[in-house]
Amino acid sequence: MTEGTTSAAEGADTLSRLEQEGEIAADYLEGLLDIADLDGDIDMDVEADRASVSIISDAGGRDLQKLVGRDGEVLEALQELTRLAVHRETGDRSRLMLDIAGYRAKKRAELSELGAKAAAEVKSTGEPVKLKPMSPFERKVVHDAVKSAGLRSESEGEEPQRFVVVLPA
């Protein structure tokens, strides 16, 4: 077997494993929606080497906002519970991402803009910029935005007060 064939087979295995994670997560979340008597459709995808599951609603998602909570706190908890459900079934740790009513997608756009603005400020002043404390998801999005702007960033502090510092080139 050639190296390229092995790599393609490993990629197919990874895709299959991530699709399985998405299926398990979708089943778990369908049950949760039934118990909570909430309407929502489950959308599954594989993005950036991780399973991605979204709960969406045609009715504007007002009921689904309960599952997002204040500042995404309920969403974070549901994501951890869903990851545990996947782990229970597969025996493997999951990096699954959960989005509800487009909350994470909207948050990602806002944080990308924040990272780009902070990078622009650092470029113009030459001084580091410290941002407010953020969750790991939020910090990752900001780090990616800063990197794409050609600068570097670091996380400092201890959870839950960990924050991003954007540094000059």
Side-chain angles (χ1 to χ4, degrees), residues 11-119 131-149 153-155 157-164 166:
D13 287 348
T14 299
L15 182 61
S16 176
R17 182 181 51 79
L18 293 175
E19 288 172 345
Q20 179 190 19
E21 282 187 19
E23 291 289 338
I24 294 166
D27 290 345
Y28 175 78
L29 292 166
E30 286 278 353
L32 180 78
L33 290 172
D34 287 344
I35 290 168
D37 195 29
L38 295 172
D39 289 327
D41 295 321
I42 308 290
D43 184 35
M44 296 177 298
D45 201 0
V46 174
E47 299 173 356
D49 292 332
R50 66 171 57 185
S52 175
V53 178
S54 300
I55 302 175
I56 54 178
S57 173
D58 294 336
R62 187 165 172 90
D63 282 348
L64 292 181
Q65 290 304 315
K66 298 172 188 173
L67 297 180
V68 173
R70 191 183 84 224
D71 295 328
E73 291 173 340
V74 176
L75 170 59
E76 290 290 335
L78 288 172
Q79 177 175 277
E80 283 306 309
L81 289 172
T82 305
R83 286 177 174 176
L84 286 171
V86 170
H87 177 71
R88 185 185 67 224
E89 292 289 322
T90 65
D92 295 327
R93 183 178 174 275
S94 174
R95 295 178 51 233
L96 176 129
M97 287 295 289
L98 175 63
D99 192 6
I100 299 174
Y103 176 83
R104 276 202 203 274
K106 181 180 173 198
K107 192 74 170 173
R108 181 176 281 121
E110 291 170 0
L111 291 166
S112 292
E113 185 177 331
L114 175 67
K117 284 181 179 178
L131 302 175
K132 66 179 179 57
M134 299 177 190
S135 71
F137 161 76
E138 293 169 330
R139 290 193 310 269
K140 170 77 169 99
V141 173
V142 171
H143 285 305
D144 290 347
V146 169
K147 183 178 180 180
S148 71
S153 56
E154 297 175 350
S155 291
E158 299 293 323
E159 294 292 352
Q161 296 300 311
R162 200 154 165 78
F163 59 95
V164 173
V166 182

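Every value quoted in this text rests on a predicted model; they were computed, and no experiment measured them.
Remark: Lys107 NZ to Leu114 CG distance equals 9.0 Å, nearest 0.5 Å. Atom-to-atom distance recorded for Leu64:CG and Tyr103:OH is 14.5 Å, nearest 0.5 angstrom. Taken from CD in Glu80 to CG in Leu96, the straight-line distance is 10.0 Å, to the nearest 0.5 Å.
For Glu159, the side chain to side chain contact (heavy atoms under 4.5 Å, CB included) partners are Pro136, Arg139, Arg162, not counting sequence neighbours. With sequence neighbours excluded, no residue forms a salt bridge (Lys or Arg N to Asp or Glu O under 4.0 Å) with Arg108. Here Ser148 pairs with nothing under the side chain to side chain contact (heavy atoms under 4.5 Å, CB included) rule; sequence neighbours left out.
Side chains of Ser155 and Met134 form no contact here, defined as non-hydrogen atoms less than 4.5 Å apart. Looking only at side-chain heavy atoms (C-beta outward), Arg83 and Met97 come within less than 4.5 Å of each other.
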Next item on the list: Take Val53 and Thr82 through the side chain to side chain contact (heavy atoms under 4.5 Å, CB included) test and state the conclusion after the steps.
Entry: CA-CA 10 Å; Val53 178; Thr82 305; over 6 Å; no

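Minimum heavy-atom separation, Phe163 to Leu131: CB-O, 3.2 Å. Shortest non-hydrogen contact noted between Ala149 and Ala119 is CB-CB, 3.7 Å. The shortest heavy-atom contact between Ala145 and Ser112 is CB-O, 3.5 Å. Heavy atoms only, all atoms of each residue included: Val142 and Gly115 are closest at CG1-CA, 4.1 Å.
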Could you list the donor-acceptor pairs under 3.5 angstrom formed between side-chain atoms of residues 15-42 and any protein atom two or more places apart in sequence or on another chain?
| unit_1 | atom_1 | unit_2 | atom_2 | d |
| --- | --- | --- | --- | --- |
| Arg17 | NH1 | Glu21 | OE2 | 3.2 |
| Glu21 | OE1 | Ser94 | OG | 2.9 |

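Within the structure, salt bridge (Lys or Arg N to Asp or Glu O under 4.0 Å) pairs that include any residue of residues 85-106 comprise Glu76-Arg104 (at least two apart or interchain). Each side chain to side chain donor-acceptor pair (under 3.5 Å) pair with one or both residues in residues 43-53, not counting sequence neighbours, would appear here, but there are none.
Applying side-chain contact (heavy atoms from CB on, under 4.5 Å) to Gln79 and the options Leu84, Ile100, Leu98 leaves one that passes, Leu98.
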